[in-house]
Amino acid sequence: MPNGWQVGIDVGGTFTDVIAIHRTLGEVRAAKVPSRTDDRIAGLESALQAVDLMWSDVDDLIHGTTIVTNAIIQGDHAKVALIATHGFSDTLEIGRQNRRHLYRLDSPPKLSPQVPAERRFEVTERLDHDGRVLIALDPDSAENAIGRAERSGAEAVAVSLLHSYANSVHEEALGEKLRSRFKFVALSHRVNPEAREYERTATTALSAGVMPLAAAYLDDLEAARPGDSRLHFFHSAGGMASPHVLRDLPLGLAASGPAAGVASAGQLARTLGIERAISFDMGGTSTDVCLIIGGEEQITSDRSLGGRPLRQPMVAVESIGAGGGSIARLDHGSLTVGPKSAGADPGPACYARGGEWPTVTDANLVLGYMDAKSVIGGTLRLDISAARDVIAQLSAAMDVTLEEAASGIIKVANAALLRALRRVTVERGIDGRNCTLLAFGGAGPMHAVTLARAFSIGNVVVPAHSSMFSAFGCVGAKLSYAQQRTLRVASDGWDAEGVERVRQVLRTSLVAPLAAAGHDDDTLTVEEVASIRYRGQSYAIEVAGAILDDPGRLGSDFRDRHRALYGFATEDPWELVSIRMRVSAPDDGLACPAVVRTTEAPSPIKTSSCTFELAGRVPTPRYDRSSLIADSMLSGPVIVDDAWSTVVVPPGATLTADVDGHLHISTGVVS
């Protein structure tokens with residue numbers, strides 16, 4: 001019998017957030033617990049216990065995780081063997097001509113190849129770029145390569161054959177032979193069916209490298225899952241997927257947690273009618289920002305992670321190592337913040353768990369933004385003396401006052417955040433001043449208004465349940481899958497049949513797992529994005545909502561997009577490079593109930609002494625967020641607290657609450 005509980009759990013680098021929503025009762029339970037890397041299953045169960053639930057009480061658990069992300073960044077991969085077309089096994093070694101650090105000659109120009117030479121093997125076969133077989137796969141060379149891969153001690157095998165994105169016949173034949181001798185096999189035509197040999201091979205090798213880790217975690221979760229509870233994961237392209245699919249395609253988890261927050265921000269933008277928004281998710285370890293246009297998060301297929309190419313449809317999140325736990329230090333006399341973090345253990349010094357380095361959270365506490373006498377989440381007491389002690393060490397080295405050192409930490413952190421905002425707006429042809437900043441995460445609302453002002457943004461929205469917003473993104477997710485495929489179709493030689501054939505292949509592969517989950521074909525939503533470039537260009541631009549059965553309209557839309565990005569467009573011939581398709585199951589309409597609030601006008605619970613950049617140290621009233629009724633209006637300086645986060649409204653800014661518990665802040669910037 002259904003229990004009615006849907007639960008979203010987002011495991012971050014510092015905290016694990018959980019939101020539980022009961023469909024019929026409209027009840028919401030939310031909590032944070034420290035993330036556990038020693039026992040992830042126990043960490044998941046402790047999150048459920050924090051909202052007074054057992055796993056057996058849960059109908060649907062949707063999980064966001066950083067396990068794959070961390071493995072890639074830390075280089076924690078299984079031993080991988082690569083099988084490539086004869087003459088192309090050194091693709092990973094050659095890579096691209098780009099240097100990692102243009103002016104640092106003491107640094108290696110590029111990372112070492114993911115697969116060393118002794119585990120790279122070749123087979124005799126050849127396709128042309130249209131997928132025609134020039135040389136059939138030689139059985140003896142295939143057997144030789146597989147045998148050598150076995151003897152090399154490889155735990156997983158990546159297969160990346162030349163032009164296999166156009167015809168997978170040889171990779172499929174190799175895969176069939178390999179699966180009888182290896183548990184983990186990644187085929188490039190499934191991982192990344194696109195041109196660009198190096199990127200496709202590198203992505204396939206990454207997928208093979210994290211397969212054993214992801215599979216072990218998925219198997220542990222499936223073993224712990226009660227029989228009546230359904231388990232899904234939030235994937236990098238902005239939806240949820242089944243463990244069965246992700247076991248073979250683990251890179252779908254490469255930006256799992258950040259994507260959940262962005263999806264939730266997109267839903268909020270649609271609800272509030274915000275045309276252009278920037279999601280700003282600042283947690284304990286990192287900050288993730290993403291552009292949202294028309295309520296839709298931006299998707300990209302050209303990313304890198306840990307310095308490695310990662311060609312997968314993913315939410316276009318810009319992640320930086322600046323969060324509440326980011327450590328401040330002097331580097332050759334200059335103050336730097338992050339990317340190293342105090343994490344959950346020991347955490348910032350003010351958590352009184354043994355932290356010995358000053359962090360952004362310690363600086364916020366010293367400046368008065370956080371309430372030194374509060375008990376965060378009812379469990380975590382803050383130690384302002386410990387925060388002052390660690391920042392005093394830094395202020396002494398800088399020869400400045402304690403408050404100046406704390407303000408310096410915040411300014412440096414905000415400068416890094418500002419660069420991330422520029423990368424998702426200005427560098428993509430978007431005027432960020434016309435966007436609304438959607439601030440969430442444990443630390444986001446503390447920094448949002450100051451950051452928005454520095455970027456000349458006039459409006460900030462802090463959503464209800466802002467400190468657990470990524471977990472809410474998980475619990476409200478819809479089942480969807482996405483993939484991109486190379487075509488290369490010229491505008492002056494349009495191949496309508498070829499385009500339609502690729503669309504049907506994509507649709508068939510993406511619909512299959514949804515059909516297996518019980519969704520009818522006529523209930524599914526299909527979204528397509530075309531990558532197009534002028535003939536002779538190296539890189540393409542994306543046209544969302546592409547009309548692929550009308551090349552005239554498609555060309556017009558391409559030129560409009562090119563003009564918007566670069567200020568000009570020509571009538572020169574163009575070509576369709578690839579199609580990205582996303583197929584989604586219907587949204588079940590799950591919405592987060594409004595925050596329960598009083599009906600009386602709010603009154604401050606206390607007054608704190610806070611330091612603001614222009615106003616200096618001033619008395620600042622503090623309000624309990626649950627006391628803000630609809631249309632409550634507060635003029636800064638004001639601080640609003642909930643159980644897990646703090647909203648800072650500096651002098652000159654104005655806050656208004658709405659009926660759903662979202663906080664709208666006018667920063668005072670005149671555009």
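All residue numbers refer to positions in the sequence shown, counting from 1. Computation of the quantities below employed the complete heavy-atom set of this structure, encompassing side-chain atoms and omitting hydrogens, waters and symmetry-equivalent molecules.
Here the side chain of Arg270 pairs a donor or acceptor atom with the backbone of Gly295 at under 3.5 angstrom. Between the side chain of His465 and the backbone N or O of Met468, no donor-acceptor pair lies under 3.5 Å. Checking side-chain atoms of Arg561 against main-chain N and O of Val543 turns up no donor-acceptor pair under 3.5 Å. Within the 3.5 Å criterion, the main-chain N or O of Phe234 finds a donor-acceptor partner in the side chain of Ser256. The backbone N or O of Val58 lies less than 3.5 Å from a partner atom in the side chain of Ser229, making a donor-acceptor pair. Gln114 contributes a side-chain N or O that, together with a main-chain N or O of Ala202, makes up a donor-acceptor pair within less than 3.5 Å. A donor-acceptor contact shorter than 3.5 Å is absent between the side chain of Lys32 and the backbone of Gly442. Side-chain atoms of Glu528 do not come within 3.5 Å of backbone N or O of Ile547 as any donor-acceptor pair. Side chain of Thr486 to main chain of Ala195: a donor-acceptor pair is present (N/O by atom type, distance under 3.5 Å, no hydrogens or angles). No side-chain donor-acceptor contact under 3.5 Å links Arg423 to the backbone of Val289.
In this structure, a donor-acceptor pair under 3.5 Å is absent between the side chains of Glu45 and Gln49. Ser188 and Glu171 form a side-chain donor-acceptor contact under 3.5 Å, judged by distance and modelled atom types alone. For the residue pair Asp520/Thr523, the side-chain donor-acceptor check at 3.5 Å is not satisfied. Using modelled atom types, one finds a donor on one side chain and an acceptor on the other under 3.5 Å when comparing Thr271 with Gln267. Remark: the Arg501 side chain and the Gln504 side chain contain no N/O donor-acceptor pair separated by less than 3.5 Å. Side chain to side chain, Arg200 and Ser164 meet the donor-acceptor criterion of an N or O pair below 3.5 Å. Side-chain contact check for Ser584 and Thr525: no donor-acceptor pair (N or O, by modelled atom type) lies under 3.5 Å.
From Arg29, atom CZ reaches atom CG of Leu48 across 11.0 Å, with rounding to the nearest 0.5 Å. Taking OG of Ser264 as the reference point, atom CZ of Phe472 lies at 5.0 Å (rounded to 0.5 Å). The CG atom of Leu487 lies 8.0 Å from the CG atom of Leu506; values are rounded to the nearest 0.5 Å. Distance check, rounded to the nearest 0.5 Å: CD of Glu197 to OG of Ser160 gives 5.0 Å. Rounding to the nearest 0.5 Å places CG of Asp17 at 8.0 Å from OG of Ser35. A distance of 11.0 Å separates CZ of Arg419 from CD of Glu318, quoted to the nearest 0.5 Å.
Applying the salt bridge (Lys or Arg N to Asp or Glu O under 4.0 Å) definition to pairs two or more places apart or across chains, none involves residues 271-294. Screening residues 41-72 for ring pair (Phe, Tyr, Trp, His ring centres under 6.0 Å) gives His63-Tyr217, His63-Phe233 as the qualifying pairs, with residues at least two apart or on separate chains.
Considering only residues two or more places apart in sequence or on other chains, Arg553 meets the salt bridge (charged side-chain N to carboxylate O under 4.0 Å, His left out) condition with Asp557. Partners of Arg485 by salt bridge (charged side-chain N to carboxylate O under 4.0 Å, His left out), not counting sequence neighbours: none found. Annotation: salt bridge (charged side-chain N to carboxylate O under 4.0 Å, His left out) contacts of Arg311 (sequence neighbours excluded): Glu194, Asp302. Every residue two or more places apart in sequence or in another chain that forms a side chain to side chain contact (heavy atoms under 4.5 Å, CB included) with Ala452 is listed here: Leu437, Ile457, Val460, Thr667.
Side-chain contact between Ile532 and Val577 is absent, with no heavy atoms from C-beta onward closer than 4.5 Å. Using a 4.5 Å cut-off on side-chain heavy atoms (C-beta onward), His232 and Leu61 make no contact. Looking only at side-chain heavy atoms (C-beta outward), Gln483 and Arg580 stay at 4.5 Å or farther from each other. You'll find the side chain of Leu417 reaches within 4.5 Å of the side chain of Phe280, heavy atoms only. Between Leu291 and Cys435 the shortest side-chain heavy-atom distance falls below 4.5 Å. Between Leu576 and Val499, the closest side-chain pair of non-hydrogen atoms falls below 4.5 Å. For the pair Ser236 and Gln312, the minimum side-chain heavy-atom distance is 4.5 Å or more. Side-chain contact between Leu510 and Met581: present, with at least one pair of heavy atoms (C-beta onward) separated by less than 4.5 Å.
By the 30° and 60° cut-offs, the orientation of the rings of His662 relative to His664 is perpendicular.
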#### Entry: salt bridge (charged side-chain N to carboxylate O under 4.0 Å, His left out) evaluation trace for Asp220 with Arg225
CA-CA 9 Å; Asp220 288 345; Arg225 176 181 64 85; over 6 Å; no

#### Entry: CA sep, side-chain torsions, deciding dist, call: Val583, Tyr481, side-chain contact (heavy atoms from CB on, under 4.5 Å)
CA-CA 6 Å; Val583 180; Tyr481 297 96; 5.9 Å; no

### Task
Assess whether side-chain contact (heavy atoms from CB on, under 4.5 Å) is satisfied between Thr203 and Thr201, documenting all intermediate values.
CA-CA 5 Å; Thr203 301; Thr201 303; over 6 Å; no

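The minimum heavy-atom distance linking Val68 with Ala214 is given by the pair CG2-CB, 4.4 Å. The two residues Ala20 and Val7 have their closest heavy-atom pair at CB-CG2, 3.8 Å.
A cation-pi arrangement is found for Arg196 relative to Tyr539, the charged atom lying closer than 6.0 Å to the ring centre and inside a 45° cone about the ring normal.
Ion pair Glu427/Arg422 not flagged as a salt bridge, since none of the NZ, NE, NH1 or NH2 atoms sits closer than 4.0 Å to an Asp/Glu carboxylate oxygen.
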